[in-house]
Protein chains: 2
Amino acid sequence: MPELVSNERVGRSLLREEVSERIKRYILDNRLRPGAPLPTENELCAALGASRSSVREAIKTLDALDIVEVRHGHGTYVGELSLSALVEGLTFRGLLSPDDEFAVLSELVEVRELFERGNAERILGALDTEQLAGLDELVDRMDRGEDTAGADRAFHSMLVHPLGNELVCQLTDAFWDVYTTVAPHLGLPIDEHDTVALHRGIIDAARAEDLAGFTKAVAAHYAPLRHRISAARG
Amino acid sequence: MPELVSNERVGRSLLREEVSERIKRYILDNRLRPGAPLPTENELCAALGASRSSVREAIKTLDALDIVEVRHGHGTYVGELSLSALVEGLTFRGLLSPDDEFAVLSELVEVRELFERGNAERILGALDTEQLAGLDELVDRMDRGEDTAGADRAFHSMLVHPLGNELVCQLTDAFWDVYTTVAPHLGLPIDEHDTVALHRGIIDAARAEDLAGFTKAVAAHYAPLRHRISAARG
DNA sequence: TCATATTTGTCCGTATGTATG
DNA sequence: ACATACATACGGACAAATATG
């Protein structure tokens, strides 16, 4: 196993914070990729001079951030570095809702719309025929009622995909996940009746490379969502 | 103390995942606000029928998400539900940099710019004279060399603040934090030489309610950043 | 299918560090 | 200065999951 930063200050117990920093440094120094195996708990204990409890708690912290991934009875690995922590945090925030029950949801939808409308020009310029066909396929699937939720999620993900910005894609997915988890708890439906038609409108404008039409179609898609939220707000 | 969901399945050990779910449910059911005290470790152990280790590890998971906050020797409290987990996760991703060292940074900056350019019209419509004066003050402070980093962060935060979208503000701050942490490790400077002038240009356009000018000024602000990143990319 | 080794999961007892009154 | 309450840390034992032969 590669070298691990040893505990140079013997005789003083390591803080949990330090343990997780050492583990992160171990990953960085060895340029480990997601999926790469980490030393076992016992090895980490020995290398860091910390007890198993401290190491385990540090690992749980890193696990929550998807920096490491723990597989029971198998081992600990470098995590996928996804935005799962953002999803869990925002979901909880949406469920707790300090004062305005729908504020989080409303802000979430606003950002989603911004990702699509604010990048409209670049999206239209980058969407190729293959991706347009993929969007068609997704809407068809929704129309047939096959995994409508998954197809809806994939639709918006694919819409921003040509931007070539992985972060935007992941945030789009993350916000969609938060919305679909929180909305039902607040009495809001996930699907609109005319979601299929609204999505088709977006594709049509995109295929025609009609910038104004595209922007309008995206606005039309999010309008009922926004209205429903503000109506529920009172 | 308010009721806590008891362990209805006695004789079977609780999984850590379940423990953290129960704690989250406890917070939600009692509608606790950030800062509100949680039961002590021992009380949680007793109420959930789990060991200290399990409870502690569950708390560490929630702590990483800022759903709870632990104060040593004091107690455990409901967290601020900030985006600290996003910052830590993205920072680590930026430092690990699988293949393209600068991809994360580049995407980050793109989103920051989108928040300001894509909302230009609404920002101009909502900025009042008091906020404009606040922006002036921040740029003056940067010009005097007092806490330039903090003033820069606050500038962009204040710029999107009139949108009334707390999520956008927090994401703006979060991305700024990630950038300023990661950039130095990749040999990129935080400050541009003409940051003050570029910020002044943004304020001027905003004060004149010149939409095209504002968009241009924001683009001019981010252009050197983008160029520097793509230059470093090769 | 079964036995075994490896690894993580859970639990308990105890000692230590820290903040409050 | 002291006592109390609480979180932190440690180590050992056993249970559960997983992979291999």
Side-chain angles (χ1 to χ4, degrees), chain A residues 1-2 4 6-23 26-27 32 35-80, chain B residues 1-2 4 6-23 26-27 32 35-80:
Chain A
M1 113 186 176
L4 207 146
S6 63
N7 181 8
E8 68 275 7
R9 283 185 282 180
V10 195
R12 192 184 134 278
S13 66
L14 277 180
L15 298 178
R16 183 181 52 84
E17 178 101 11
E18 291 184 53
V19 175
S20 70
E21 284 305 315
R22 300 281 186 100
I23 297 175
Y26 171 82
I27 297 172
L32 300 185
L38 263 56
T40 67
E41 285 182 356
N42 283 330
E43 288 171 329
L44 286 173
C45 293
L48 298 174
S51 74
R52 206 177 153 215
S53 309
S54 299
V55 169
R56 281 184 58 78
E57 289 176 14
I59 288 178
K60 291 300 166 287
T61 295
L62 297 177
D63 183 58
L65 303 173
D66 202 17
I67 288 176
V68 309
E69 179 191 345
V70 179
R71 292 182 226 164
H72 190 161
H74 199 227
T76 306
Y77 303 83
V78 179
E80 297 295 326
Chain B
M1 110 188 176
L4 208 145
S6 63
N7 181 8
E8 68 275 8
R9 285 186 282 182
V10 194
R12 190 183 136 279
S13 68
L14 277 179
L15 297 178
R16 182 180 55 83
E17 178 103 9
E18 293 184 53
V19 175
S20 68
E21 285 303 316
R22 301 280 186 100
I23 297 175
Y26 170 82
I27 296 172
L32 301 184
L38 262 58
T40 68
E41 282 185 1
N42 282 328
E43 287 172 329
L44 286 173
C45 294
L48 298 175
S51 72
R52 271 196 298 286
S53 307
S54 300
V55 170
R56 282 182 59 77
E57 289 175 14
I59 289 179
K60 292 300 167 292
T61 294
L62 298 177
D63 184 59
L65 304 173
D66 202 17
I67 288 177
V68 309
E69 179 192 345
V70 179
R71 289 183 226 163
H72 191 148
H74 198 228
T76 307
Y77 302 82
V78 178
E80 296 296 325

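Just so we're clear, the structure is a prediction, and the values are computed from it rather than from any experiment. In what follows, chains are A, B, ... by sequence order, proteins preceding strands, each numbered from 1. What you see below is based on every heavy atom in this structure, not just the backbone, and it leaves out hydrogens, waters and symmetry mates.
Of the listed residues (A/Ile67, A/Leu62, A/Thr76), just one forms a side-chain contact (heavy atoms from CB on, under 4.5 Å) with A/Ile23, and that residue is A/Leu62.
Put simply, CD on A/Glu69 is 13 Å from C1' on C/dT8, counting in whole angstrom units. Atom CD of A/Glu57 is separated from atom P of D/dA9 by 7 Å (rounded to the nearest Å). The CG-C1' distance, from A/Asp63 to C/dT8, rounds to 12 Å in whole Å. Rounded to whole angstrom, the span from the CG atom of B/Leu44 across to the P atom of D/dT8 amounts to 13 Å. Rounded to whole Å, atom C1' of D/dT18 lies 10 Å from atom OH of A/Tyr77. In this structure, A/Asn42 atom CG and D/dG11 atom P are separated by 12 Å, rounded to whole Å.
Between B/Leu44 atom CG and B/Arg22 atom CZ the span is 11.5 Å, to the nearest 0.5 Å.
Here the closest heavy-atom approach between residue A/Ala64 and residue B/Ala64 is recorded as CB-CB, 3.8 Å.
Within the nucleic acid shown, B/Arg52 comes within 4.0 Å of at least one base atom, counting heavy atoms only.
Distances shorter than 4.0 Å separate some side-chain N or O of A/Ser54 from OP1 or OP2 on D/dC10. The phosphate of C/dG9 (OP1 or OP2) has a side-chain N or O of A/Arg56 nearer than 4.0 angstrom.
For A/Glu41, the salt bridge (charged side-chain N to carboxylate O under 4.0 Å, His left out) partners are A/Arg52, A/Arg56, not counting sequence neighbours. With sequence neighbours excluded, no residue forms a side-chain contact (heavy atoms from CB on, under 4.5 Å) with B/His72. Remark: B/Val78 pairs with B/Ile27, B/Leu32, B/Ala36, B/Leu38 by the side-chain contact (heavy atoms from CB on, under 4.5 Å) rule, at least two apart or across chains.
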Would you tabulate the nitrogen or oxygen pairs shorter than 3.5 Å linking the protein to nucleotides 4-6 of chain D?
none

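The side chain of A/Ser51 sits closest to D/dG11 out of D/dT8, C/dT10, D/dG11.
Screening residues 40-67 of chain A for ring-ring contact (aromatic ring centres under 6.0 Å, His included), with sequence neighbours left out, gives no hits.
With a cut-off of 3.5 Å on both Watson-Crick or G-U wobble distances, the partner of D/dA19 is given as C/dT4.
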